[in-house]
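Worksheet for the structure shown next.
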Amino acid sequence: MDSLSLRPSSLLLSAPCAAAAAARRRDHILPPFRPIQQNGKGRISLSIQRSRGPTVNLCQKFLDWKYSYHRMSHRPINTSANASGQSLQPETEAHDAASIWKPISSSLDAFYRFSRPHTVIGTALSIVSVSLLAVESMSDFSPLFLTGLMEAVVAALFMNIYIVGLNQLFDIEIDKINKPTLPLASGEYSPAVGVAIVSVFAAMSFGLGWAVGSPPLFWALFISFVLGTAYSINLPYFRWKRFAVVAALCILAVRAVIVQLAFFLHIQTFVFRRPAVFSRPLIFATAFMTFFSVVIALFKDIPDIEGDRIFGIQSFSVRLGQNKVFWTCVGLLEMAYAVAVLMGATSSSLWSKSVTVIGHAILATILWNSARSVDLTSKTAITSFYMFIWKLFYAEYLLIPLVR
Ligand SMILES: CC(C)=CCC/C(C)=C/CC/C(C)=C/CC/C(C)=C/COP(=O)(O)OP(=O)(O)O
Ligand SMILES: O=C(O)Cc1cc(O)ccc1O
């Protein structure tokens, strides 16, 4: 099973050939190779495709050198006995410790990449932040609140890992071009391992959601599961990521509506047993995150134009061009900051007014200055700006509990 019944609808070139050509054009320092494979002897081997041009030979030489250097630097030096013949052993022990630690650290590293940490941080921060909107006084910081919050965060993170993991399972071939370091695309995880991880995380999320017994929490998990599945899965009428507007609506529904409303309701009605009241900061958070979700949905595809085009994903960047989408995203975020400044200015609380106005004005300025210096011809520069947008997303959730 190479990827889960992925059938690119508009293949102009044969996928492996196109992948090799695309990889050659990428501004990654990577040779045009097929996925990294473990050859069973612990050595990483790369199966080079078709032509072996000078770049490939250079890369192969570099990798051979790196491998032999790696082996040399790990070769144990015999210090098992000193001059008087006494046994020393530390090198063997150090070698054993390294051979135990290395696979553990590389599995942790692969799982870290598989979990798409920028989305995990966003989910955790957003749920903590909207939960704080339900806090009315210091006495609300009770073990009851902390338990309810922890349950919601953990269940949502499990679902987050299911959603992003399922996406990688159905995108193995696309990610070989767009995101070759993801563990399914690189071959570090087999599809069977991917299926096992996503199944376990979906089950743990629903198990926890069910055990907690909070209707808003359970529905939040269920709707996110349905939308996350429909977004990626390759079945008739699904794989909504192919349609730019529907794909953006899925992300908007979860990140703007469900996260704000359902997680607030979980704390407000299930944990605190208070009536549902949609306060000004909650409405602000939902409106602001509507802008932000659209920006994330649009922006995440800007660096991926190559693979998306080959596999028939009609993203906005594929249809309109990277430059247009980039500046639309910057414009949308600047508009959201302008609305936030205006809304802060109308606050009746002086400290909240100051924090909201000044905080958003600073973020808007930083965004503008950073956007102007991005080299739109470099995939690395666009990707790093995308990660900067996630940092603005985190910063927003630090400001939201201060909005009154
Ligand atoms: C459970 C809760 C409340 C939150 C989960 C938080 C998440 C993951 C929200 C996103 C909702 C959603 C429907 C996401 C689908 C988006 C997805 C998996 C995008 C990846 O899209 P690609 O275009 O394949 O991007 P990459 O190339 O970066 O993989
Ligand atoms: O989480 C999200 O809001 C969308 C998303 C963005 C991304 O860069 C990778 C995965 C993903 O789900």
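Counting convention: from 1, in listed order, for ligands and their atoms alike. The residues of the chain are indexed from 1 along the displayed sequence.
For Asp171 and Arg239, the salt-bridge test passes: some basic side-chain N is under 4.0 Å from an acidic carboxylate O.
Looking only at atom types and distance, the side chain of Trp390 has a donor-acceptor partner in the side chain of Tyr386 under 3.5 Å away. Defined by atom type and a distance below 3.5 Å, a donor-acceptor pair is present between the side-chain atoms of Asn160 and Thr119. In summary, the side chains of His360 and Glu396 do present a donor paired with an acceptor at a separation below 3.5 Å, with no hydrogens or angles considered. No side-chain N or O of Arg255 forms a donor-acceptor pair with one of Ser126 less than 3.5 Å apart.
For ligand 2, one of its N or O atoms has an N or O atom of His118 under 3.5 Å away. For ligand 1, one of its N or O atoms has an N or O atom of Lys300 under 3.5 Å away. Considering both main-chain and side-chain atoms, Asn160 never comes within under 3.5 Å of ligand 1 through any nitrogen or oxygen pair. The shortest N or O to N or O distance between Arg255 and ligand 2 is below 3.5 Å.
Under the 4.0 angstrom criterion for non-hydrogen atoms, Phe263 is in contact with ligand 1. The shortest separation from a heavy atom of Ile251 to ligand 2 is under 4.0 Å, placing the residue in contact. Using 4.0 Å as the threshold, Ile258 has no heavy atom nearer than that to any atom of ligand 1. At least one heavy atom of Asp171 sits closer than 4.0 Å to an atom of ligand 1.
When only non-hydrogen protein atoms are considered, atom 9 (C) of ligand 1 lies nearest to Val254 CG1, 3.7 Å. Scanning the protein for heavy atoms near atom 2 (C) of ligand 1, the closest one is Ser224 OG, 3.7 Å. Atom 12 (O) of ligand 2 has as its closest protein heavy atom Val164 CG1, 3.7 Å. The closest protein non-hydrogen atom to atom 21 (O) of ligand 1 is Tyr231 OH, 3.0 Å. The single protein non-hydrogen atom nearest to atom 20 (C) of ligand 1 is Asn167 OD1, 3.6 Å, given as residue, atom name and distance. For atom 11 (C) of ligand 2, the nearest non-hydrogen atom of the protein is Thr119 CG2, 3.6 Å. Nearest protein heavy-atom neighbour of atom 8 (O) of ligand 2: Tyr386 OH, 2.5 Å.
Short contacts between ligand 1 and Asp304, defined as distances under 4.0 Å to a heavy atom of the residue, involve ligand atoms 27 (O). Residue Lys300 has at least one heavy-atom neighbour below 4.0 Å for each of these atoms of ligand 2: 6 (C). Of all atoms in ligand 1, listed by their number and element, those nearer than 4.0 Å to a heavy atom of Met159 are 1 (C). Which parts of ligand 1 touch Thr123 is read off a 4.0 Å heavy-atom cut-off, strictly below it: atoms 6 (C).
For atom 29 (O) of ligand 1, the nearest non-hydrogen atom from the set Arg255, Lys241, Lys179, Arg116 comes from Arg116.
The closest donor-acceptor contact from the side chain of Arg404 to the backbone of Pro401 lies under 3.5 Å. Looking at Arg116, its side chain never comes within 3.5 Å of a backbone N or O of Ile161 through a donor-acceptor pair.
Annotation: Trp240 is not in aromatic contact with Phe243 [ring centroid separation under 6.0 Å not met].
In plain terms, the two heavy atoms of Ser115 and Val164 that are nearest each other are O-CG2, 3.7 Å.
Separation of atoms CZ (Phe158) and CG (Leu221) is listed at 11.0 Å; rounding is to 0.5 Å.
The aromatic rings of Phe393 and Tyr397 lie perpendicular to each other, with more than 60° between the two planes, well past the 30° mark. Between Phe264 and Phe278, the ring planes lie tilted relative to each other; the angle falls in the 30° to 60° range.
For Thr119, no heavy-atom contact with ligand 1 is shorter than 4.0 Å. When heavy-atom distances to ligand 1 are checked against a 4.0 Å cut-off, Asp301 comes that close only through its side chain, counted from C-beta outward. When heavy-atom distances to ligand 1 are checked against a 4.0 Å cut-off, Gln168 has no atom that comes that close, whether in backbone or side chain.
Cation-pi contact between Arg273 and Phe270: present, with separation from the ring centre below 6.0 Å and deviation from the ring axis of at most 45°.
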Full working for ring-ring contact (aromatic ring centres under 6.0 Å, His included) between Tyr231 and Phe238: CA-CA 7 Å; Tyr231 181 95; Phe238 292 105; over 10 Å; no

